[in-house]
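The structure appears below as structure tokens.
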Amino acid sequence: MLFGKTILITGVASGIGARTAELAGHLGADVIGVDVREPPQALASFIRGDISNAAGVAEIVQQLPKHIDALANVAGLSGNTGIVATLAVNFYGLRALTEAVAPRLREGGAVVNVASIAGYGWRANLERAKTLTAIEGFPGIESLAAKHGLKDDEGYPLSKELLLLWTMRAAHEPLFKERGIRVNAVSPGPVETPILRQFRAVLGDERVDNDITRVGRAGTSADIAPAILFLCSDGARWINGTNLATDGGLEASINASVLGF
Ligand SMILES: NC(=O)c1ccc[n+]([C@@H]2O[C@H](COP(=O)([O-])OP(=O)(O)OC[C@H]3O[C@@H](n4cnc5c(N)ncnc54)[C@H](O)[C@@H]3O)[C@@H](O)[C@H]2O)c1
């Protein structure tokens, strides 16, 4: 279902993005990789670019072909560099890239956003998430953070809350909907990649170890990549605006504890 398809994947220099690019290639897709860092193994098609600002996004987009079948937004930061950088990469930059790429996505194409179980608080923080996703383009994030009293340690979960809410909204925005472009999210729990060490520093060992204990092990990039590529494929043609928990059962386990079933 991916044979001969052109898939744009961000974050290909490491972890989940690297594995997704590798698997997509094995499945016969033509992969265009994007990352701010050079991948350790050369890709047939790679654009070195920074999605954290409008100029960086524009530079990437001008190097893209006219026709793309799917976009997998995998690049992300852990939050350890502060809320400004984290919101810029994980939400506002991701969204700007997606909106700029949308006209090149074929009818019936797909967008897959890698969110996180860390973003499941969007319902509890709905008004904040609505306000922050309603801001168009690249806002001045420093002043935004000051205005809304946002703290550095909230950067990561907040960025993923915004991403989950926007995924649902985008699925119904004309830019995507009018051409049948599906927009979905994949939410991993803890995954063994370089970012996990940083999560331990941001969230604390106890939280991460508790999550891992609930499902027996941390995930691997190889656990997440097939879920991303399924949502990119035509096999997922009737799946739109949803979030696929790809966490070994972590969400179900937490729900069971919280809701008492
Ligand atoms: N590893 C986990 O435990 C976990 C859990 C839930 C969600 N996620 C999400 O999965 C995604 C991939 O994370 P990972 O675990 O593979 O981490 P990773 O650190 O291995 O990879 C992230 C990649 O994003 C790239 N990147 C960062 N800033 C960028 C920018 N400004 N422009 C372009 N590329 C940029 C990095 O260079 C890196 O190659 C992230 O969105 C992350 O939030 C990871």
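In listed order, ligands and their atoms are each counted from 1.
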Would you tell me which option among [options] has the nearest heavy-atom contact to [atom]?
| atom | options | value |
| --- | --- | --- |
| atom 40 (C) of ligand 1 | V74, T220, I195 | V74 |
| atom 5 (C) of ligand 1 | S221, G189, P190 | G189 |
| atom 32 (N) of ligand 1 | V34, I51, V89, V12 | I51 |
| atom 30 (C) of ligand 1 | D50, V191, I117, I60 | D50 |

Tell me whether ligand 1 is touched by [X] - counting only heavy atoms on the residue side and a distance under 4.0 Å.
| X | answer |
| --- | --- |
| L77 | yes |
| G49 | yes |
| K160 | yes |
| A115 | yes |

Which atoms of ligand 1 have any heavy atom of [X] under 4.0 Å away?
| X | result |
| --- | --- |
| A13 | 39 (O) |
| V114 | 9 (C), 10 (O), 11 (C), 41 (O) |
| P194 | 20 (O) |
| L196 | 3 (O) |

Quiz item: Hey, does N240 have a side-chain heavy atom less than 4.5 Å from the side chain of F176?
Solution: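 Not touching, per the 4.5 Å side-chain cut-off.
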Quiz item: Can you find a side-chain donor-acceptor pair between S253 and R214 that sits under 3.5 Å?
Solution: yes
Quiz item: What is the minimum heavy-atom distance between V186 and I224, and which atoms define it?
Solution: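 The pair with the smallest heavy-atom distance is CG1-CG2, 4.0 Å.
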Exercise. Decide whether an N or O pair under 3.5 Å exists between I16 and ligand 1.
Key: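 Checking ligand 1 against I16, an N or O pair does fall under 3.5 Å apart.
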Quiz item: Has ligand 1 got any nitrogen or oxygen that is less than 3.5 angstrom from a nitrogen or oxygen of R37?
Solution: yes
